[in-house]
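Atoms within a ligand are numbered from 1 in the order they appear, just like the ligands themselves.
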Amino acid sequence: MADLKFQRPKGMHDLLDQDWEYFQKVFNVVSAIAKLNNFERIETPILEKRELFERGIGENTDIVEKEMYCFKTKGGDDLCLRPEGTAPVVRVYFENGLSELPQPVKLWYFGPFFRHETPQAGRYRQFWQFGFEILGEKDYILDAQVILISLEILKELKIENFVLKINSIGNSCCRGYYKKSLVYYLKKRKKGLCQNCKTRLERNPLRILDCKDEKCKQIVSQAPQILDYLCEECKSHFFKVLDTLEFLEIPFELDPFLVRGIDYYTNTIFEIQDKETGLALISGGRYDSLGKILANKDLPAVGAAGGVERIVEILKEKRIFVPKEKFPKIFVAQIGELGKKWALKICQQLRENKIEVFESLGKDSLKAQLKLADKIKAKYVILIGQKEALEKIAILRDMETGKQKEIKFEKIVKEIKKLI
Ligand code: HAM
């Protein structure tokens, strides 16, 4: 191992070619489904103003309190690496006048996000997400549609071992009543809560509902449930969503203690969790209050985002998807100065004709070149030596049968096209 002075930052990873094949697979599935559902592609900057997330995600959330990468620019701007994509999309909606378009506006994205979390399996500091957002309409059917799209992606990727968990956290009004009742219940049992939840009790009591500590879990199991506190409007909205899922024959688990680590949600929230690890693969919900928070305008909206690494890990582990080897591979080998130049020219001609070719033009030894051709499992080798270069004739060798024949330079492209 080289005496490497620098390693990649903790919780971040390099994506090598073989990883890209998997990312590309997820991208292809997501973009095809986005297209079929008339979503338009959007890419927002990696950096945004810190305040966008502080206000959008909520000051008392773990993301804002502990996980954002923020810095001051030389010009004095307070920026941070985006920890999620929904707040930026809502910013775009208002900043680019998307409210003038026919509603709802449907947008999707695919890119890297950053959270300074404790790295562990399936949890990284730089991770990729794909996301879908439907902005500008409140109808319950859109909540079901986002869930359906999320499930469609997993189905298309042949991922099966998951559970859809769903809950409603009402609007700020009914959630307010619920919070009071929850805090009243929890305060009486404060002693039994873990240290973290004791602090949460003051700052963000809903997060206690999904604490993984066994003692907290036990206390929570008897706690008041938000569904009993929903106002008529929120209850009706949620029941219509559940009714639609039943109509679509989508199995779900109603989880009255499901909460999300982001404050902008209203009404429906959901997570599609891997049954084995419990990790959320795709999660989201309705966020009707975010427009008000960011632009003082009403903007009903719903969306979801999926973790690409988490999905890729399942594809790899279960061998659901195995990148195909590109066959047949063609290798162009050369000997001598003139051979080398002609090899470059012929490679170029093949590539102009969209034929992928391998070469090692920087190597002079034919033995070394053929060793490489063998290593990449090339099916054909086009050999151009000094003599061949002068006569403008190459040798084409079938590496499997050992048979070889001569081809005129001007016929190489046509001949190779016939073979592949
Ligand atoms: P989120 O649940 O924070 O929601 O993240 C969405 C997905 O990103 C998760 O379900 C998970 O698969 C993946 N993910 C999150 N954090 C990490 C991490 N540290 N490492 C690896 N994967 C991770 C949101 O971000 C919302 N913006 C989703 C949304 C869109 N809600 C409405 N529209």
Give yes or no for whether the N/O distance cutoff of 3.5 Å, strictly under, is met between [X] and ligand 1.
X	value
Gly85	no
Glu309	no
Tyr287	no
Pro83	no
Ile262	no

Looking at [atom], what's its closest protein heavy atom, distance included?
atom	answer
atom 12 (O) of ligand 1	Ala280 O, 2.8 Å
atom 19 (N) of ligand 1	Glu117 OE2, 2.7 Å
atom 9 (C) of ligand 1	Ser283 OG, 3.5 Å
atom 8 (O) of ligand 1	Gln129 NE2, 3.1 Å
atom 13 (C) of ligand 1	Gly307 CA, 3.6 Å
atom 23 (C) of ligand 1	Phe127 CD1, 3.5 Å
atom 22 (N) of ligand 1	Arg310 NE, 3.5 Å
atom 4 (O) of ligand 1	Arg260 NH2, 3.0 Å

Which ligand 1 atoms, with their elements, are less than 4.0 angstrom from a heavy-atom of [X]?
X	value
Gly284	31 (N)
Leu281	10 (O), 12 (O)
Gly122	20 (N), 21 (C), 22 (N)
Glu133	30 (C), 32 (C), 33 (N)
Ala304	29 (C), 30 (C), 32 (C), 33 (N)
Glu84	25 (O), 26 (C), 27 (N)
Thr86	26 (C), 27 (N), 29 (C), 30 (C), 31 (N), 32 (C), 33 (N)

Taking atom types as modelled, is there a side-chain donor on [X] or [Y] under 3.5 Å from an acceptor on the other?
X	Y	value
Tyr287	Glu133	yes
Asn353	Gln349	no
Tyr264	Thr86	yes
His237	Asp143	yes

Taking atom [atom1] of [X] as the centre, does the number of heavy atoms from other residues, nucleotides or ligands within less than 6.0 Å exceed 12?
X	atom1	answer
Gln120	CD	yes
Glu233	CD	no
Gln218	CD	no

- Cation-aromatic face contact Arg123/Phe127, 6.0 Å, 45 degrees: no
- Query: Hey, looking at atom 28 (C) of ligand 1, which of Tyr124, Phe114, Phe113, Tyr265 has the closest heavy atom?
  - Reply: Tyr265
- Note on the structure: Candidates Arg123, Arg115, Gln273, Glu67; heavy atom nearest atom 25 (O) of ligand 1 found on Arg115
Between [X] and [Y] (salt bridge meaning N to carboxylate O under 4.0 Å), is one present in this structure?
X	Y	result
Asp374	Lys377	no
Lys318	Glu160	no
Asp77	Lys72	no

- Note on the structure: Nearest heavy-atom approach of Lys363 to Ala368 is CD-CB, 3.8 Å
- Query: Looking only at heavy atoms, what is the nearest atom pair of Ser289 and Thr266, with distance?
  - Reply: OG-CG2, 3.8 Å
- Out of Lys329, Arg351, Lys340, which one pairs with Glu359 under the salt bridge (Lys or Arg N to Asp or Glu O under 4.0 Å) rule? Arg351
- Message: Using heavy atoms and a 4.0 Å limit, tell me yes or no: is Tyr264 in contact with ligand 1?
- Response: yes
